[in-house]
Amino acid sequence: MCASGKYTSRGPALIPRMKTKHRIYYITLFSVVLLGLIATGMFQFWPHSIESTAEWSLDRRSVHDAPLVRLPVSSPIPERGDLSCRMHTCFDVYRCGYNPKNRIKVYIYPLQRFVDEVGVPISSTGLSREYNDLLSAISDSDFYTDDVTRACLFVPSIDVLNQNSLRIRETAQALAMLPRWDKGMNHLLFNMLPGGPPDYSTALDVPRDRALLAGGGFSTWTYRQGYDVSIPVYSPLSADVELPEKQPGPRRYFILSSQTAIHREYRAELERLKEENGEALLLLDKCSNLSQGAASARKRCYKGQVFDYPQILQESSFCVVLRGARLGQATLSDVLQAGCIPVILADSYILPFSEVLDWKRASVVIPEEKLPEMYTILKSIPHRQVEEMQRQTRWFWDAYFSSMKAIGMTALEIINDRIYPYAARTYEQWNNPPVVKWSSVNSPLFLPLIPPRSPGFTAVVLTYDRIESLFRVITEISKVPSLAKLLVVWNNQNKSPPEESLWPKIAVPLKVVRTKENKLSNRFFPYDEIETEAVLAIDDDIIMLTSDELQFGYEYFNYLYTYKMPGDIKNWVDAHMNCEDIAMNFLVANITGKAPIKVTPRKKFKCPECTAIDGLSLDQTHMVERSECINKFASVFGTMPLKVVEHRADPVLYKDDFPEKLKSFPNIGSL
């Protein structure tokens with residue numbers, strides 16, 4: 001007898017079918033559990049904070065609708081400002097943390113209207129259009145975060161661009177009331193017009209504790225190197241007047257002065273230059289026959305002749321930018337936009353973004369006392385260099401000056417580079433227009449250059465058999481604080497180096513490398529013993545250098561010299577035993593596009609041990625060959641890469657009569 005069972009077309013039903021009402025119940029239960037898990041996960045991982053706010057935007061909240069905050073008379077006031085602040089002392093980099101994009105996060109405080117106890121606002125203008133544009137640019141950038149807990153940098157929505165519109169004490173009290181102020185730590189203030197009559201300070205007078213200041217008009221006395229950011233004074237004409245880019249070349253005028261409120265002594269000196277040089281110099285002033293207003297601000301006059309401003313700036317090769325009551329002048333921005341090379345006469349002025357921009361490529365800086373010599377100085381600049389500078393001025397304006405957005409983003413990029421130096425932009429990225437391509441020798445970007453494995457520098461001393469002089473050089477170099485290793489290249493195959501016990505006792509590793517051939521190029525070989533990025537290549541008879549002078553600067557191009565030197569230059573150097581230093585300068589100048597830096601004073605070469613027999617430079621044919629090798633190298637490179645430089649880097653106070661303990665490099669020789 002068989003048991004009965006249910007069958008389907010696919011065979012026996014092993015599991016009874018679920019009733020419809022039970023199926024609906026379990027589906028509903030599963031859905032509720034799933035939604036709960038999703039919600040829990042979103043809450044767990046979604047950025048949240050009790051202090052986070054809606055995205056910053058003036059479009060979403062009018063200034064007039066911002067909450068009112070009254071400042072009690074007894075509200076705390078920040079300290080004046082610590083001039084000793086640096087990134088490692090007054091900035092908490094741990095707030096910035098690690099992120100895969102190497103970008104700092106910037107939080108903007110919500111808008112508030114601060115008033116004193118009787119209801120008077122802290123500012124006569126409220127939020128300016130320029131500051132509105134700046135904050136909007138930050139909120140639209142990838143720097144911005146609305147989560148205060150993720151912020152590395154805090155920007156108040158209190159407008160301090162123009163000190164003239166501020167009540168100093170009350171503005172300081174408003175800053176101190178910000179919830180994350182913490183003595184200004186990691187806060188950034190933007191100011192373009194500092195100081196006020198009669199002395200016009202070169203930095204914002206509002207007490208600000210440790211806050212960073214992006215300021216337009218710093219002097220060397222108020223600028224905190226590597227902490228503050230020097231920014232330009234924005235010109236409103238940038239948004240109102242569009243100047244077409246003009247091709248580099250000769251202009252109608254050689255020098256033009258367009259400022260209207262310059263000191264009478266400077267005006268008198270400019271008029272004297274005008275008398276001496278005639279039509280080459282155009283000296284403009286404000287128009288006395290026009291009614292005051294926006295229209296007159298865009299006009300300049302000379303003896304009744306009216307010119308459109310800033311259009312007239314495009315008609316001159318050089319444009320004078322003199323200091324006024326303030327060091328920073330909006331005229332600089334107008335001049336750059338016009339493609340006119342600024343001639344800056346403002347002693348102690350920290351040029352905008354000078355931390356990253358090479359102003360020698362886009363301006364001429366002349367001491368104020370040299371104003372009478374200005375025409376002669378400018379006439380000495382080659383035409384080709386003038387054209388290169390004209391191109392650079394316009395590009396500087398387009399990239400860094402053209403809008404409040406450009407200014408704000410550049411300031412944040414500079415701070416970002418400090419916090420993430422391994423991801424920082426290079427000199428070329430900051431200073432080379434995108435269309436610039438170096439010719440002849442290829443860019444070194446593709447070369448397998450080894451990143452620095454240890455700090456400091458390696459000193460490579462090339463020697464033959466001058467033992468006493470060599471030991472003196474080793475002893476002096478060993479005093480340099482940044483020395484990591486000393487490598488002696490023994491170039492004498494017929495004589496062994498001294499015994500180990502005879503060498504000077506120094507605090508860093510000392511290694512002797514014996515070469516197979518007596519070649520000058522051995523000094524630039526990338527030896528395996530070199531574990532630093534920076535290398536000092538020096539001969540055994542350079543005994544006049546001090547440790548302070550050696551500490552002052554160095555760089556690494558050995559790989560390029562050994563393996564990528566074009567043509568037969570390296571072989572020529574080895575055959576003639578001459579010009580290896582000139583060859584290295586050709587190589588570096590061609591790759592970087594930069595001029596050499598003259599460091600510290602030139603001193604007479606003295607080598608008491610050297611004779612005409614063992615000193616290469618004492619041979620009568622030595623200097624003649626050096627002239628020949630310059631022509632030889634230029635023909636191989638196909639161009640003359642060496643740049644003219646009128647700048648010399650000297651330590652601050654090196655030749656001033658100050659106590660030695662106040663000088664960073666006291667042991668540098670005088671002129």
query: Tell me, do Leu283 and Leu273 make a side-chain contact under 4.5 Å, heavy atoms counted?
result: no
- prompt: More than 12 foreign heavy atoms under 6.0 Å from NE2 of His383: is that the case here?
  reply: no
message: Donor-acceptor check, side chain of Arg251 to backbone of Gln314, threshold 3.5 angstrom: yes or no?
response: yes
- request: Report, as yes or no, whether the 6.0 Å neighbourhood of atom CD on Gln225 holds more than 12 heavy atoms from other residues, nucleotides or ligands.
  value: no
message: Strictly below 4.0 Å, N to O, side chains only: are Asp581 and Arg523 in salt-bridge contact?
response: no
query: Does the distance from a Lys or Arg side-chain N to an Asp or Glu carboxylate O, for Lys405 and Asp140, drop under 4.0 Å?
result: no
message: Closer than 4.0 angstrom, basic N to acidic O: yes or no for Glu271 and Arg267?
response: no
- prompt: Can you find a pair of side-chain heavy atoms, one from Tyr144 and one from Val155, that are under 4.5 Å apart?
  reply: no
message: Is it the case that the side chain of Gln259 and the backbone of Leu322 share a donor-acceptor pair, with hydrogens and angles ignored and the cut-off at 3.5 Å?
response: yes
- request: Report the C-alpha distance between Phe524 and Glu580 in whole Å, list the side-chain angles of each, state the deciding distance to 0.1 Å, and finish with yes or no for side chain to side chain contact (heavy atoms under 4.5 Å, CB included).
  value: CA-CA 9 Å; Phe524 295 132; Glu580 80 284 2; 3.8 Å; yes
- request: Measure from the side-chain N and O atoms of Asn416 to the backbone N and O of Asn102, and report whether any donor-acceptor pair falls under 3.5 Å.
  value: yes
query: Do Gln390 side-chain atoms and Gly249 backbone N/O form a donor-acceptor pair below 3.5 Å?
result: yes
Heavy-atom check, side chain of Tyr309 versus side chain of Lys286, under 4.5 Å: no
- prompt: Is the side chain of Tyr400 donor-acceptor paired with the backbone N or O of Pro232 at a distance under 3.5 Å, no angle test?
  reply: no
query: What are the two closest non-hydrogen atoms of Thr202 and Ser219, and how far apart are they?
result: OG1-OG, 3.2 Å
- prompt: Are the aromatic rings of Tyr227 and Phe91 close, with centres under 6.0 Å apart?
  reply: no
Any donor-acceptor pair under 3.5 Å from Gln337 side chain to Val241 backbone: yes
Inter-residue atom distance Leu243.CG - Asp334.CG, 0.5 Å rounding: 8.5 Å
field: Side chain to side chain, Met404 and Asn132, heavy atoms closer than 4.5 Å
entry: no
query: Quick one: does NZ or CZ of Lys379 land under 6.0 Å from the six-membered ring centre of Phe254, within 45 degrees of the ring axis?
result: yes
task: Could you label the plane-to-plane angle of the Trp359 and Phe401 rings as parallel, tilted or perpendicular, counting under 30° as parallel and over 60° as perpendicular?
output: perpendicular
- request: Step through the shown structure and confirm whether more than 12 heavy atoms of other residues, nucleotides or ligands are within 6.0 Å of CD on Glu279.
  value: no
- prompt: Any donor-acceptor pair under 3.5 Å linking the side chain of Asp228 with the backbone of Ala214?
  reply: no
Ser235 side, atom OG; Gln329 side, atom CD - distance, nearest 0.5 Å: 11.0 Å
message: Is any side-chain heavy atom of Leu282 closer than 4.5 Å to one of Gln305?
response: no
- request: Using the six-membered ring wherever Trp is involved, compare the ring planes of Phe637 and Phe586 and label them parallel, tilted or perpendicular (cut-offs 30° and 60°).
  value: tilted
query: With no hydrogens and no angle check, is any side-chain donor or acceptor of Asn431 less than 3.5 Å from a backbone partner on Asp358?
result: yes
- prompt: Any side-chain heavy-atom pair from Leu351 and Ile344 closer than 4.5 angstrom?
  reply: yes
- request: Mark yes or no for whether Arg300, through its side chain, and Ser258, through its backbone, hold a donor-acceptor pair below 3.5 Å.
  value: yes
Value rounded to 0.5 Å, distance of OH in Tyr253 from CG in Leu313: 12.0 Å
query: What do the steps show when you test Leu270 against Leu371 for side chain to side chain contact (heavy atoms under 4.5 Å, CB included), and what is the final call?
result: CA-CA 8 Å; Leu270 289 172; Leu371 177 57; 4.2 Å; yes
Full working for side chain to side chain contact (heavy atoms under 4.5 Å, CB included) between Glu269 and Glu265: CA-CA 6 Å; Glu269 192 58 52; Glu265 292 182 6; over 6 Å; no
message: Rounded at 0.5 Å granularity, tell me how far CG in Leu212 sits from SG in Cys85.
response: 8.0 Å
- prompt: Can you name the one residue among Lys360, Glu387, Arg361 that meets side chain to side chain contact (heavy atoms under 4.5 Å, CB included) with Gln392?
  reply: Arg361
- request: Of all the heavy-atom pairs spanning Phe318 and Cys340, show the shortest one and how long it is.
  value: C-SG, 3.2 Å
- line: Closest non-hydrogen contact found for Gly195 with Arg326 is O-NH2, 3.1 Å
message: If I take atom OH from residue Tyr302 and atom CZ from residue Phe307, how far apart are they, to the nearest 0.5 angstrom?
response: 9.0 Å
Aromatic Phe143 / basic Arg103 pairing, under 6.0 angstrom, 45° off normal: yes
- prompt: Looking at side-chain heavy atoms only, is the closest gap between Val335 and Thr393 below 4.5 Å?
  reply: no
- request: May I have the step-by-step check of side chain to side chain contact (heavy atoms under 4.5 Å, CB included) for Asn162 and Met192, ending in yes or no?
  value: CA-CA 6 Å; Asn162 184 353; Met192 290 184 173; over 6 Å; no
Nearest atoms (heavy-atom pairs only) where Ala211 meets Arg224: O-NH2, 3.0 Å
- prompt: So, do Asp347 and Pro367 sit near enough that their side-chain heavy atoms are less than 4.5 Å apart?
  reply: yes
query: Is Glu315 salt-bridged to Lys246, going by a charged N under 4.0 Å from an acidic O?
result: yes
message: Regarding Lys632 and Asp568, does a basic nitrogen lie under 4.0 Å from an acidic carboxylate oxygen?
response: yes
field: For Tyr420 against Cys96, the heavy-atom pair lying closest together
entry: OH-O, 3.4 Å
field: Minimum-distance pair of heavy atoms, taken over all atoms of Thr220 and Ile350
entry: CG2-CD1, 3.7 Å
message: Keeping Ser141 on the side-chain end and Ile138 on the backbone end, is there a donor-acceptor pair under 3.5 Å?
response: yes
message: Within this structure, what is the OG1-NZ distance for the pair Thr376 and Lys370, rounded to the nearest 0.5 Å?
response: 11.0 Å
- prompt: Any chance CZ of Arg425 has more than 12 other-residue heavy atoms, nucleotides or ligands included, within less than 6.0 Å?
  reply: yes
